[in-house]
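The structure appears right after this line, and notes come after that.
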Amino acid sequence: MKKATFLAERQGAWQRFEELLVRAEAHRVPRFSGEEASEFSRLFRALCYDLATVRSHDWGRGLEGYLNDLVVRGHNCFYGSAPGRPREALGFLLEGFPRLLRANVAYFWVALVLFALPALVTGWVVGREPSLAGRVMPGTMLASFEEMYSEGKRQDRHDKERSSMQAGAAGFYVRNNVAVAFRCFTTGVFFGAGTLFFLVYNGIFLGTVAGYLTATGHYERFYSFVVGHGSFELTAIVVSGAAGLVMGHALVHPGAMTRAEALRRRGVVGLKLALGAGAMLVVAALIEAFWSPSGIPSRTKYVVGALLWALVIAYLALGGREKRSAAP
Amino acid sequence: MASPALVDAQTHVETPENVRLSFRLAGPGTRLGAYVLDLLVRAAIVYGLFFAVSLLNPLLSIAGLHWGVLLLGLFLVEWGYGFVFEAFWNGQTPGKKAFGLRVIREGGYSASVYDALLRNLLRVADALPFLYGVGLVVMIGTERMQRIGDLLAGTIVVRERRARLHATPAALSEVPPLARDQLDSPFRPSERTLDLIETFYHRRRELPDLRADEIAAILARPLAERLRYRDPKAEHLAHPARFLLRVLRTFHHPAQVAEAGARGRPSPRLGRLLR
């Protein structure tokens with residue numbers, strides 16, 4: 001087989017393939033008729049064979065480069081990944097996510113301890129000795145917290161102002177909290193160190209605020225404010241911590257795989273958990289912006305808060321459970 | 001048969017069709033450039049968002065909706081820009097497209113939605129301690145120039161190439177082939193060499209004449225030696241580029257030479273060569 005004859009014979013097929021390729025690359029999912037798809041597949045296989053032929057005969061880098069790039073484009077197109085469907089996303093949130101969490105529940109408990117323990121300890125310590133709060137955050141921040149949650153005529157006016165900015169507040173909370181959750185998850189790639197830091201730090205912060213406000217007597221408004229969205233938000237933080245720990249653990253104990261392979265496999269699990277946590281935080285942000293600051297009496301807020309907690313627990317514990325089929 | 005390994009940012013993949021494909025990897029330089037361009041595009045989008053919200057302000061001020069929309073928009077641009085483009089636009093963001101880069105999976109397959117999401121979320125880890133320090137270090141350290149996000153998602157960033165199949169140079173029919181009595185040896189240059197000469201000719205337009213002759217001389221001298229080319233005028237030393245073209249004419253397939261001739265006069269630049 002001589003190069004010139006080869007070129008003469010095959011050039012037509014390559015041009016036809018390129019035509020189809022240009023059409024295919026124009027859309028995410030190529031729009032071919034059945035016959036065109038078969039033709040594409042046939043031409044692609046022949047093209048791969050041609051590339052191998054040129055290489056084995058060593059007919060020059062120009063021709064080889066041309067065929068290589070054509071095959072690369074064809075390969076990319078031919079083996080494209082399936083496009084995602086929005087309905088799958090909803091199914092994931094309602095069923096897949098709780099199921100995945102239950103499958104990795106050990107990480108959840110560890111993250112919970114890492115978050116709750118510092119929170120409780122700090123809360124108790126600061127509750128006894130409020131001045132210690134100054135060690136964790138600057139006095140100005142403490143003062144602003146106090147102002148936010150104390151009673152009084154000035155606060156009612158403040159409330160009125162805030163209630164007119166609810167949608168704005170929702171946007172703020174989404175932006176802030178989801179970022180924290182994602183950061184908590186992604187820093188897990190540093191062998192879990194980042195996640196550890198985030199969980200403990202947020203726990204201490206929360207405990208300080210709670211303890212300080214309790215000690216200075218402003219706990220009524222604070223707890224009634226927090227109990228509503230806390231169910232979603234706190235749980236979501238723990239879940240994102242669990243996601244980070246999944247990645248960190250894959251790096252620390254890769255088992256029988258290489259670290260890279262273990263990270264890749266568990267990384268997707270961590271990602272899905274983090275996405276679920278993100279969705280929960282969006283819900284929490286909406287509650288935090290619209291429900292929590294409203295002037296509804298505290299008693300009602302506590303009741304609704306308890307219901308929301310029950311809802312979150314039921315969702316995570318029971319969501320996506322396989323229905324047991326009736327025995328024949 | 002294989003040439004010695006060169007330092008080259010190439011990676012190879014074996015496909016299910018049992019063919020080896022080569023990809024050119026994108027280095028930190030081009031990726032940084034694409035990133036900066038993306039930053040500008042994002043800034044433009046955010047500016048546009050501000051502008052749009054301020055225009056619609058009278059409509060949207062209920063319950064601070066304009067703030068909500070703005071902050072939500074900022075959030076989406078911050079976290080979603082890279083993801084949305086890489087997932088739904090064939091692995092390219094506007095910045096990457098401008099630089100001819102593309103995100104694909106290590107096996108050469110196109111990146112899926114999860115891959116795009118993972119690698120973009122992990123920018124947080126790569127951007128530490130500042131200006132993508134960790135990302136750059138990891139990129140330089142890995143074999144395929146992947147940052148942490150790429151390692152996790154199993155993706156690589158490649159430079160796209162659109163090679164064209166060049167037709168035989170039209171100048172070929174204009175030069176006389178080497179006379180048989182000027183060649184003393186039965187040596188015949190390999191197809192690879194002939195292809196190399198052809199490639200040289202297609203790039204020749206970009207080179208000044210002197211430089212082209214300089215480069216051509218690298219091949220012309222050893223070729224003349226192998227061919228035992230006897231010429232009192234020593235053309236291979238005086239006009240090496242033209243000599244190479246004559247070699248090509250001599251050993252090329254007659255059908256191709258005829259085809260080249262049929263395509264008409266060569267460009268004036270090349271015409272100077274033939275004098």
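Proteins come first, then strands; the chains are lettered A, B, ... in the order of their sequence lines, and each starts at number 1.
Under a 4.0 Å N-O distance rule, the pair B:Glu106/A:Arg264 qualifies as a salt bridge.
The 12-atom threshold is exceeded at CZ of A:Arg99, counting heavy atoms of other residues, nucleotides or ligands nearer than 6.0 Å. For A:His253, the NE2 atom sits in a loose shell: 12 or fewer heavy atoms of surrounding residues, nucleotides or ligands are nearer than 6.0 Å.
B:Leu21 is listed as a side-chain neighbour of A:Leu51, based on a closest heavy-atom distance under 4.5 Å. Contact annotation: the side chain of B:Asp195 never approaches that of A:Trp59 to less than 4.5 Å [non-hydrogen atoms, C-beta and beyond]. Side-chain contact between A:Tyr49 and B:Glu17 is absent, with no heavy-atom pair separated by less than 4.5 Å. By the 4.5 Å heavy-atom criterion applied to side chains, B:Leu71 and A:Val174 are not counted as neighbours. In this structure, B:Tyr109 and A:Asn76 have side chains that are not in contact, with every pair of non-hydrogen atoms separated by 4.5 Å or more.
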Go through the steps to decide whether B:Val124 and A:Phe182 satisfy the test side chain to side chain contact (heavy atoms under 4.5 Å, CB included), and finish with yes or no.
-> CA-CA 8 Å; B:Val124 170; A:Phe182 281 162; 5.6 Å; no
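For A:Glu18, no part lies under 4.5 angstrom from a heavy atom of chain B. Contacts of A:Leu263 with chain B are made by both backbone and side-chain atoms, with heavy-atom separations under 4.5 Å. Proximity to chain A (any heavy atom under 4.5 Å) is shown, for B:Arg123, by neither the backbone nor the side chain. Interface residue B:Val134: only side-chain heavy atoms are found under 4.5 Å from chain A. Contacts between A:Ala179 and chain B at a heavy-atom distance below 4.5 Å involve backbone atoms as well as side-chain atoms. Of the atoms belonging to B:Glu160, not a single heavy atom falls under 4.5 Å from chain A.
Rounding to the nearest 0.5 angstrom, the gap separating the CG atom in B:Leu118 from the CG atom in A:Leu271 is 4.5 Å. Considering OG of B:Ser22 and CZ of A:Arg55, their distance stands at 6.0 Å, rounded to 0.5 Å.
By number of non-hydrogen pairs under 4.5 angstrom with chain B, the leading residue of A:Arg183, A:Arg266, A:Lys272 is A:Lys272. Counting heavy-atom pairs closer than 4.5 Å to chain A, the top residue among B:Leu122, B:Thr199, B:Leu72 is B:Leu122. Top candidate by heavy-atom pairs under 4.5 Å with chain A, chosen from B:Leu196, B:Ile104, B:Leu117, is B:Leu117.
The shortest non-hydrogen separation linking B:Ala125 to A:Phe190 is O-CZ, 3.5 Å.
With A:Arg175 contributing its side chain and B:Gly73 its backbone, the two residues share no donor-acceptor pair below 3.5 Å.
Among the residues in residues 62-75 of chain A, those with a non-hydrogen atom closer than 4.5 angstrom to a non-hydrogen atom of chain B are A:Gly62, A:Leu63, A:Gly65, A:Tyr66, A:Asn68, A:Asp69, A:Val71, A:Val72, A:Arg73, A:His75. Using a 4.5 Å cut-off between non-hydrogen atoms, the part of residues 140-152 of chain B that approaches chain A consists of B:Ile148, B:Leu151, B:Leu152.
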